[in-house]
Q: 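This is the structure I want to talk about, given as structure tokens.
The chains referred to below are lettered A, B, ... by the order of the sequence lines, with proteins before strands, and numbering in each begins at 1. The shown structure was predicted, so the numbers you read here are calculated from the model rather than taken from an experiment. We use all heavy atoms of the structure for the numbers below, so side chains are in, but hydrogens, waters and symmetry mates are not.
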Protein chains: 2
Amino acid sequence: MNNLVQIKRLQRYRMALLRLKNMGLKKTFSHSLSEETGVSPVLIRKDFSQFGIRGKRRGGYDIDSLLDELKLLFGREKEQNVVLVGLGNIGAALVKYEGYRQSNMNMVAVFDIDPVKRTRRYSVPVYSLESLREVVNAFDVSVAILAVPEFSAQETAHYLVENGISGILNFAPVLLKLPGHVLVNNINIMIELERLMYHIGVRTKPI
Amino acid sequence: MNNLVQIKRLQRYRMALLRLKNMGLKKTFSHSLSEETGVSPVLIRKDFSQFGIRGKRRGGYDIDSLLDELKLLFGREKEQNVVLVGLGNIGAALVKYEGYRQSNMNMVAVFDIDPVKRTRRYSVPVYSLESLREVVNAFDVSVAILAVPEFSAQETAHYLVENGISGILNFAPVLLKLPGHVLVNNINIMIELERLMYHIGVRTKPI
DNA sequence: TAGATTGTTAATCGATTAACAATC
DNA sequence: TAGATTGTTAATCGATTAACAATC
């Protein structure tokens, strides 16, 4: 099993389960989850089975316990701290975003080189990058959101890694070159739009 | 070949090529591109070959022509229009974002149900959702960015599809249920962070 | 020419599915 | 019990890699 792909599927199952729970359902079956997620029923059962999640032979899966097991699997019982670097358009939107609490995450600090931006008042303190190491140590941070301009992304990412960060959610539209032990997830809006357009185009293209 | 995965790789090659071009290089080789992207040299050559992109047996690939061919492949020579729906935190950041032009995309309109938000002045006009169909027809829009709150995402997405949208870049943290012909790309910040944390956690977990 | 690199065909590997046994 | 569903083992399928031929 390609673990990366499998983990993505597990996250997808969880989103579907939240939806079903929200609709007031208590239990579900591999075929219902399949309908919600587009993943085949066998594969769903196999994924669950491989992570030690068991259903009832005839009664399907209990939604609440499924969600609990997934939460456990993703280590979401204990709160995890993140930092944000860069207070531009996207950075500002990300500080104001309210969803962290709900996912048991906590944004403990924001960093920006611009002193003017550091005077802005958010629910999260804004520091100069010089304080990064201190914050990383104090709050045991291993993951950072990188939302700086393209031209400084590589340099800043490198600085983050030097100061103890080992996972980066990168919003800058560049391929970061970092030591092999560092994990990077890229969010690139243009690339996502482009891929949508490509697939739509191909589909509607005359033979 | 899983076309979805292959297309993602091609986009990745392009990002690497832009970096190399930026560094002043004129040509490259499958092994250099491999170093930049983490994809094996054979697979890179195979990908190019399958899309009819040819190198020189001994001289590698010309970066500019490679970029041209990829641009052509992704249909990026002709401008494509998109709309944005939802002017919340993320929506506001996305209107202000400057990268569309560069990718030969054009945001032609923003939609929000809140009349107060419609008075805000951006470089893009803000309308009520009632005008959606008109804009879609006038500007031949097939892709929309959805940045509305979670509770209204499903309903709004459905409305978009009813009015001619067939590709959605979804920022709302929900699994959208839409007709099979509609393509959805999800951008979910919490899920990305969570996956980073999972992989870091697994890696550092004691045996 | 020798060496380096592309491009392709065959082999391998891993992920998904089919078949079916287990059981509630 | 019969029927429905899970969970697993074996088969298939597709994607990646290995091997190598082509050629600049």
Q: Measuring only between side-chain heavy atoms, which start at C-beta, is Glu155(B) closer than 4.5 Å to His158(B)?
A: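 A side-chain contact is absent here, since even the closest heavy-atom pair is not under 4.5 Å.
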Q: With a 3.5 Å limit on both atom pairs, tell me what dA21(C) is paired to, counting Watson-Crick and G-U wobble, or say none.
A: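 Because both required distances fall under 3.5 Å, dA21(C) counts as paired with dT6(D).
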Q: Look at Glu36(B) together with Lys177(A) and state whether they make a salt bridge at an N to O cut-off of under 4.0 Å.
A: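 Yes, charged N to carboxylate O under 4.0 Å.
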Q: Give a yes/no on whether any side-chain N or O of Ser49(B) is located under 4.0 angstrom from OP1 or OP2 of dT8(C).
A: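 Indeed, a polar side-chain atom of Ser49(B) lies that close.
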Q: Using whole Å, report how far CG of Leu33(B) lies from C1' of dT5(C).
A: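 In whole Å, dT5(C) C1' and Leu33(B) CG are 14 Å from each other.
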Q: Can you confirm whether Leu17(A) sits close enough to Tyr61(A) that some side-chain heavy atom of one is under 4.5 Å from a side-chain heavy atom of the other?
A: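 No, side chains not in contact.
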Q: Using atom CD of Glu35(A) as one end and atom P of dT5(D) as the other, report the distance to the nearest whole Å.
A: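 The answer, rounded to whole Å, is 13 Å.
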Q: In whole angstroms, how far is the C1' atom of dT16(D) from the NZ atom of Lys8(B)?
A: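 Atom NZ in Lys8(B) sits about 18 Å away from atom C1' in dT16(D).
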Q: dG14(C) P sits how many Å from Leu4(A) CG, rounded?
A: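 It is 14 Å, rounded to the nearest whole Å.
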Q: For the residue pair Glu77(A) / Asn104(A), report whether a side-chain donor-acceptor contact shorter than 3.5 Å exists.
A: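 Absent: no donor and acceptor within the cut-off.
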Q: NZ of Lys21(A): more than 12 outside heavy atoms within 6.0 angstrom?
A: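 Count not over threshold, so no.
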Q: Partner lookup for dC13(C), please. Criteria are Watson-Crick or G-U wobble with both distances under 3.5 angstrom; report none if nothing qualifies.
A: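 Matched dC13(C) with dG14(D) under the 3.5 Å cut-off.
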Q: Have a look at Phe48(B) and say if it touches a base, only the backbone sugar-phosphate, or nothing, with a 4.0 Å heavy-atom cut-off.
A: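 No contact.
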Q: Report yes if the side chains of Gln6(A) and Gln50(A) come closer than 4.5 Å at any heavy-atom pair, otherwise no.
A: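 A side-chain contact under 4.5 Å exists here.
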Q: Any chance you could list the contact pattern along nucleotides 17-24 of chain C? Use B for base contacts, S for sugar-phosphate-only contacts and - for none, protein heavy atoms under 4.0 Å, 5' to 3'.
A: BBB-BBBB
